[in-house]
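Reading through the structure tokens given below for one structure.
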Protein chains: 2
Amino acid sequence: MPQYTPPVRDTRFVLEHVVGLDRHADVEGFANATPDTVDAVLEEGGRFVAEVLFPLNQIGDLHGCTRADDGSVTAPPGFKDAYRQFVESGWGTLSAPEAFGGQGMPHVVSTAFQEYMISANMAFAMYPGLAHGAIAALVVKGSPEQHAKYLPRMVSGEWGGTMNLTEPQCGTDLGLIRTRAEPQADGSYSISGTKIFISAGEHDLTDNIIHLVLAKTPGAPDSSKGISLFVVPKVMVEDDGSLGARNAVTCGSIEHKMGIHGNSTCVMNYDGATGWLVGEEMKGLAAMFIMMNAARLGVGLQGLAVAETAYQNAVHYARDRRQGRALTGPAEPNEKADTLFVHPDVRRMLMEAKAWTEGLRALCLWGALQVDLEHKAGTDEERQIAADLIGLLTPVIKGVGTDKGYEIATTAQQVYGGHGYIREWGMEQYVRDARIAQIYEGTNGVQAMDLVGRKLAQNGGRAVQALFRIVTEEIAAAKSDAATADYATRLERALNELQAATMWFMANGMKDPNNVGAGATAYMHLMGLVATGLMWLRMVVAATALKTAGEGDAAFLDAKLVTARFFAERILPDAGALRRKIEGGAEAVMALPEEMFLAA
Amino acid sequence: MPQYTPPVRDTRFVLEHVVGLDRHADVEGFANATPDTVDAVLEEGGRFVAEVLFPLNQIGDLHGCTRADDGSVTAPPGFKDAYRQFVESGWGTLSAPEAFGGQGMPHVVSTAFQEYMISANMAFAMYPGLAHGAIAALVVKGSPEQHAKYLPRMVSGEWGGTMNLTEPQCGTDLGLIRTRAEPQADGSYSISGTKIFISAGEHDLTDNIIHLVLAKTPGAPDSSKGISLFVVPKVMVEDDGSLGARNAVTCGSIEHKMGIHGNSTCVMNYDGATGWLVGEEMKGLAAMFIMMNAARLGVGLQGLAVAETAYQNAVHYARDRRQGRALTGPAEPNEKADTLFVHPDVRRMLMEAKAWTEGLRALCLWGALQVDLEHKAGTDEERQIAADLIGLLTPVIKGVGTDKGYEIATTAQQVYGGHGYIREWGMEQYVRDARIAQIYEGTNGVQAMDLVGRKLAQNGGRAVQALFRIVTEEIAAAKSDAATADYATRLERALNELQAATMWFMANGMKDPNNVGAGATAYMHLMGLVATGLMWLRMVVAATALKTAGEGDAAFLDAKLVTARFFAERILPDAGALRRKIEGGAEAVMALPEEMFLAA
């Protein structure tokens, strides 16, 4: 049976030494995040998800969701009761604004908890996860009336929330949306159209579901500039807050998917449903991006979180399973065979998983810190740097986090040999679940294009220069200490490749924008290497300093140093290959006539 | 709905210009392989699999196999009738020895057909596929009586065949086998034990199934040197060839797997089943390797074959689906959006898939040629070179073919965006099916260890030197022609990395064998790049020569040249990164104490 233990010790190390939680004590909300409070969140929250949500993970996969003929959807066995406990415990309200009943904790702290929740049960975590995106959009764009009507019960988890963007003919290209919103005499709109791939679109966990829906008003232009955002409750909410009539929105079917079976992915039919404009007409895209950016960071976290559980189980299996002998002679001569752990290629797989999961954990939490600082840091400059960094890093965290998440889940499955392919062992579910994260909330190719086509050049390249400055400064500092110089020098090599690739884009993108597009994915991964490499640099510096001071758990700190070395020797070398691929440019990518792709 | 068209034009190009079928006309069996005959096999065989087997692929995935309480197993709807047609058409007997009812065609020709069959329906292809391994072992190790009794009806496909190696406690490490074989007075053995993961172990496609089973005789040593191979028919075969009593072997259960649902993966219980020794007692490992090597090449082919179907569908989808606009401005201004084909990152994905599938097709067929030459070439020297090459390349074809196969299937699924995750579209099945090929018949880590721990040093490195010589000579020849020099120079760079990595192993493997083990997988992929790169070099040389001569289909030849350039610019650069990873050595891989792998 699969196991899961929240990696509290590692999270704590990252919050303390990479994120530097105490260095931001003057930022709003951070005073709430005392070491004791954070410890309580990690320990108690971790225990809750491990004990209540993780045991439902395989059940959710096996049973999936069920739609009845009336369009109602039932979540897998146990989900409803677990959701009730989740709401009662308040774990979903950590970083929500206190004005709407939240606990006002830093986003970085709730992100640490989110990781555990996804690790325990990704499909379950998506129910409140999607609501968070809807909440984020309503907080910023909603009217005071909408705030009062919806937010307290969405924040508490009493009601669910969804994001309705995709239609059969339109995924990435939201200009193609056909859902219409007709204004009514009372100021509401009548919404009609079909939305697909709506996660948590219909279920029995909550009494109401607040749908945020992209649609076009009459005469709106036929592009993404014509989109407006509407709030459409499943059940009408009366002015006194009581639930009224059922709105004309129904689940037409639920999808049969590769994974995340425990979450209901719905086709939603809007048949003249009553909705209200959120923010301004035809400014829906900006509102959508508020939801979307939050969701993208959450999806990057999914990559890491699923990989973490898969990795933990691979470690347990490698310690238990005996097969073959160490190359250097029997490690345990009294046993019939040694454990998988003696085999260097098995260790190589586990080290890759460890180096990436710990590196991505730091990157996700450092990214979450920027979300806090973007809104709450003390100075304009700090807020701008944070906004620049998170704008730049969002596609990297989403794209690299999920590509590596899938890769690690696959690697962890590989450690199990044949048993990894068998459903009961649980490993193949992680691979199937992790796979969606590379696709939804903008495919990873879309992330890469967002990075190179939008974020890189924005404000004269201010964001990427800010990142380069941070990495350069921290490398220089680390090079001045003999104990950290080797790692810093290796990271510097990767940084040089990234800078050279950036220059290549600048020199060649004007000639042909396809030169940038053709290298987009490679560039995203190159930046992911450097950003994750920066996280490892911070861990190396912190571990070295603690060891010198005789503080901390020496075995844990040594493990950090070994894993950083593995990251430098075995993962960073990809930087050179990625740069060379980028410099290949567009020609070989674009030259082939369409009809020649099939060799038949 | 998914589509599949056998890539006949490409196969023909490879057989003619990479494999050089006509250059081996004096080899036994090759005289049968006239261009007309080969064309007929490719065209007619391709049509058969596309029309009869491919329509059952999704059905097989959806329905799976069903085991009744009596242990009988029913294949998915339609499989039995399709199997009957397969046997009647004779497509399974192409390269089987004429002495046993086969058509005596070269293995390389039947391999070309095998690819199509797997592309059409991998789970179906495994039924006759597993029988082929059993046939190969019986042909070499079986007695004349066993030949007469079993082979004609196994070759015809009237009976199935299986390979029974794995047990719950023993996968890679066959020394741990517990299945016992007790000699009986009549010269037979009584076989008792449990075998797991037995593909096609029980089904309703054939009247009999001939199991080849590894077991230990009394007093046999507790290692792989104590293993013997036995033939155990499901139904006893009387001396007159008629079917007798049911043997004491039953299917205890069928596994719930991630994919290949159409093939029954069985737990097989041997309860004093009657079996007969195949070959000598305690020489079972050698017999097993005959089955295994054939199976490994077949599994490598599975990687390519599933990737091919996934790729074809991704091309169709990218041509049909309209989303967004070209970076260089609308390609089709009269449409609401351009097709996915205009987006460089989509093309990048498709080109990666094309470059790998065509390269691996050539490599699989060139490997298959070595199997022919190993046994049938005219001189000792030719046979030895072929044997060396295929020994070296078998783990590369299996390991790299299936790692890339899975990667390409995943990439093709990615082209579909959200639809790729939905079962009805068919793409996620290819990913789930392709996944097993990295695991079974020896995990890819085991392949890598076979390559670096066994094949590399065998006979003083004779095999790897033979490969280096071929690649070096063909590069030198191609560099002397301006039209092919650029590609050759890029391949030479990758060859240099491979040679340097090989030297590094020689210099550092003696100090610590883990230095070799820690780099095994990277080395396997590095050799895969060079071997596939050699295939592309041959295609470049052939396409260039044909164009110069004004022969062949110019568009097809141009496509080869563009795809080769993509391979050189976008795939070969990985060679440098792989070498650097190898040179990282064992330290960072082996340093971490077991108990420090979990950060919790």
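Chain identifiers are assigned alphabetically (A, B, ...) following the order of the sequence lines, protein sequences preceding nucleic acid strands; residue numbering begins at 1 within each chain. When reading the values below, keep in mind they use all heavy atoms of this one structure, side chains included, and skip hydrogens, waters and symmetry mates.
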With respect to chain B, which residue among [options] yields the maximal number of heavy-atom pairs within a distance under 4.5 Å?
options	result
A:Ala591, A:Gly175, A:Cys170, A:Gly445	A:Cys170
A:Ala568, A:Gly259, A:Ser224	A:Gly259
A:Gly418, A:Gly46, A:Ala326	A:Gly418
A:Val446, A:Thr563, A:Asp345, A:Thr339	A:Asp345
A:Arg423, A:Glu407, A:Glu308, A:Arg12	A:Arg423
A:Gln323, A:Glu255, A:Gln429	A:Gln323

Starting at [atom1] of [X], measure out to [atom2] of [Y] and round the result to the nearest 0.5 Å.
X	Y	atom1	atom2	answer
A:Arg325	B:Asp173	CZ	CG	8.0 Å
A:Ile436	B:Glu428	CD1	CD	10.5 Å
B:Asp574	A:Leu578	CG	CG	7.5 Å
B:Ile422	A:His256	CD1	NE2	9.5 Å
A:Met351	B:Leu592	CE	CG	5.5 Å

Exercise. Can you find a side-chain donor-acceptor pair between B:Arg322 and A:Gln169 that sits under 3.5 Å?
Worked result: no

Exercise. Any chance the side chains of A:Tyr421 and B:Thr265 put a donor and an acceptor closer than 3.5 Å?
Worked result: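 No, B:Thr265 and A:Tyr421 have no side-chain donor paired with an acceptor closer than 3.5 Å.
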
Under 4.5 Å, counting heavy-atom pairs only, tell me which of [options] racks up the most with chain A.
options	value
B:Val589, B:Asn515, B:Leu572	B:Val589
B:Glu569, B:Arg580, B:Lys581	B:Lys581
B:Ala586, B:Gly517, B:Ala353, B:Ala337	B:Gly517
B:Gly585, B:Gly442, B:Gly584, B:Pro513	B:Pro513
B:Arg570, B:Arg432, B:Arg321, B:Met590	B:Arg570
B:Met349, B:Met449, B:Lys354, B:Arg579	B:Lys354

Where on [X] is there a heavy atom nearer than 4.5 Å to chain A: the side chain, the backbone, both, or neither?
X	value
B:Leu176	side chain
B:Thr410	both
B:Val431	side chain
B:Ile260	both
B:His419	both
B:Phe567	neither

Heavy-atom distance under 4.5 Å to chain B: side chain of [X], backbone, both or neither?
X	value
A:Phe13	neither
A:Phe566	both
A:Thr357	neither
A:Ala448	neither

Can you see which heavy atom on [X] is nearest to which on [Y], and at what distance?
X	Y	result
A:Ala518	B:Pro344	N-CB, 3.5 Å
B:Arg319	A:Glu595	NH1-CA, 3.7 Å
B:Ile439	A:Gln414	CG1-OE1, 3.6 Å

Exercise. Should A:Val562 and B:Met596 count as side-chain neighbours, where that means a heavy-atom distance under 4.5 Å?
Worked result: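 No, every pair of side-chain atoms sits at 4.5 Å or beyond.
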
Problem set entry | Side-chain heavy atoms of A:Thr5 within contact of B:Leu598, under 4.5 Å |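 A side-chain contact under 4.5 Å is absent here.
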
For this session: State whether the number of non-hydrogen atoms from other residues, nucleotides or ligands found under 6.0 Å of B:Arg493 atom CZ is greater than 12.
Result: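 Enclosed.
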
For this session: Kindly assign one of parallel, tilted or perpendicular to the pair A:Phe597 and B:Phe341, based on the angle between their ring planes and the thresholds 30° and 60°.
Result: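 Rings of A:Phe597 and B:Phe341: perpendicular, over 60°.
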
